[in-house]
Amino acid sequence: MAHVQRYPLAAQAAELLLTRIRAGEWQLGHKLPGETTLAAQLGVGRSTLREAIRELAGKGVLESRQGAGVFVTALDITEDWDAVLRRADIVTVLEARIAIEAEGAALAAARRTPADLRAMWRALSARAEAGNSVEELVDADTAFHRTVVAASHNDVLAGMFDAFVPRLRHAMVDMLRIRPLPDPSADHLAHEVLLDAVRKRDAVAAAAASRIHLSALKETLT
């Protein structure tokens, strides 16, 4: 059994625990051994072990439950969105958009309010009136899609959209300059179909319209 040998002890204890979790010694949701047992295994005191557990809890890997023990809540430390998105290519982000926006469109169809519909109509009209600038089209398009996700009234979906879509902007602008949309009128019609499905409260049609539109965009850009 590996023991902690160098300073800082708590940081190394946390690293050893994380290594064992990554290796599959404890599965997601499993309870860690008691403090006395685990501290002896790592060769540290109980106070050092507690500090190591707090470190991993702060990173979302462990959770201390009062009276129950310490449980595995993630199998590794999750990178922040910025780090993930810096490595992601445009196709990867579009695939994520498809997943998020298809569900967002379905929820929007079920939950949209008259105010949501008005916002969607305004955004669609602004998109139709966007100038010849690729940047204007991309910004107007993003604004429309944002109104659909907002109409889902799901803060998590909206937060995910807001986190990564702005980082897609430059890639979208560059790609559309190289490969303009083959049929802008058909692309705009796809947005009208999506809005109409939301207006009619047809969740299945709204999800399908969102998925078809974004999948077609993905095909255009690959």
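Reckoned from all heavy atoms, side chains included, excluding hydrogens, waters and symmetry mates. Along the sequence shown, residues are numbered consecutively beginning with 1. What you are looking at is a predicted structure, and each value in this text was computed from that prediction instead of being measured.
Panel note: side chain Asp116, backbone Thr113; a donor-acceptor pair is recorded below 3.5 Å. Remark: side-chain polar atoms of Thr142 are paired, donor with acceptor, to backbone N or O of Val138 under 3.5 angstrom. Counting only distance, with no hydrogens or angles, the side chain of Arg112 and the backbone of Ala151 share no donor-acceptor pair below 3.5 Å.
Relative to the ring axis of Phe161, Arg97 does not place its NZ or CZ within 45° and under 6.0 Å from the centre.
When all heavy atoms of Ala74 and Val72 are compared, the closest pair comes out as O-CG1, 3.4 Å. Residues Ala14 and Ala52 come closest through the heavy atom pair N-CB, 3.5 Å. Thr73 and Gly60 make their closest contact through OG1-O, 2.9 Å (heavy atoms, listed as atom of the first residue, atom of the second, distance). The shortest heavy-atom contact between Val193 and Ala209 is CG1-CB, 4.1 Å. Across all their heavy atoms, Gly104 and Ser152 have their closest contact at O-CB, 3.4 Å. In this structure, Ala206 and Ala109 approach most closely via the heavy-atom pair CB-CB, 4.1 Å.
Applying the salt bridge (Lys or Arg N to Asp or Glu O under 4.0 Å) rule to Arg211 yields no partners; only residues at least two apart in sequence or on another chain are considered. For the salt bridge (Lys or Arg N to Asp or Glu O under 4.0 Å) test, no residue two or more places apart in sequence or in another chain qualifies with Glu103.
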Using the side chain to side chain contact (heavy atoms under 4.5 Å, CB included) rule, take Arg22 and Leu75 through it: C-alpha gap first, then chi angles, then the decisive distance, then the call. CA-CA 6 Å; Arg22 287 169 173 161; Leu75 300 180; over 6 Å; no

Take Phe144 and His191, measure what ring-ring contact (aromatic ring centres under 6.0 Å, His included) needs, and give me the verdict at the end. CA-CA 9 Å; Phe144 170 77; His191 291 75; 5.4 Å; yes

Can you list the steps and then say if Arg169 with Asp139 is a salt bridge (charged side-chain N to carboxylate O under 4.0 Å, His left out)? CA-CA 8 Å; Arg169 181 181 185 274; Asp139 290 341; 2.6 Å; yes

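Under the 4.5 Å side-chain heavy-atom criterion for ILVMFWY residues, no single connected hydrophobic cluster contains both Leu194 and Val204. Note: the hydrophobic cluster containing Val91 also contains Ile100 (ILVMFWY, side chain heavy atoms under 4.5 Å, direct or indirect links). No continuous path of hydrophobic side-chain contacts links Leu195 to Leu217 [ILVMFWY only; heavy atoms under 4.5 Å]. Under the 4.5 Å side-chain heavy-atom criterion for grouping Ile, Leu, Val, Met, Phe, Trp and Tyr, Ile21 is connected to Leu28 within one hydrophobic cluster. Taken together through direct or relayed side-chain contacts under 4.5 Å among Ile, Leu, Val, Met, Phe, Trp and Tyr, Trp26 and Val70 form part of one hydrophobic cluster.
If you take CG on Asp187 and CG on Leu137, they are separated by 7.5 Å, rounding to the nearest 0.5 Å. The OG atom of Ser185 sits 10.0 Å away from the CD atom of Glu192 when rounded to the nearest 0.5 Å. The CD atom of Glu136 sits 11.5 Å away from the CD atom of Glu129 when rounded to the nearest 0.5 Å. Rounded to the nearest 0.5 Å, atoms CG (Leu56) and CD (Glu15) are 8.5 Å apart. Between Arg179 atom CZ and Asp174 atom CG the span is 12.5 Å, to the nearest 0.5 Å. With rounding to the nearest 0.5 angstrom, the CD1 atom of Ile212 is 11.0 Å from the CD1 atom of Ile98.
Side-chain contact between Glu63 and Ile53 is absent, with no heavy atoms from C-beta onward closer than 4.5 Å. Arg20 is listed as a side-chain neighbour of Leu38, based on a closest heavy-atom distance under 4.5 Å. Using a 4.5 Å cut-off on side-chain heavy atoms (C-beta onward), Leu214 and Ser210 make contact. Within the 4.5 Å cutoff, the side chain of Val61 has no heavy atoms near those of the Leu17 side chain.
Ion pairing between a basic and an acidic side chain is recognised when a charged N comes within 4.0 Å of a carboxylate O; Glu51 and Arg46 show no such pairing.
For His188 and His213, the gap between ring centers reaches or exceeds 6.0 Å.
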Identify each donor-acceptor pair in which a side-chain atom of residues 117-125 lies under 3.5 Å from a protein atom, sequence neighbours left out, and give them as a table.
| residue | atom | partner | partner atom | Å |
| --- | --- | --- | --- | --- |
| Ser125 | OG | Trp121 | O | 3.0 |

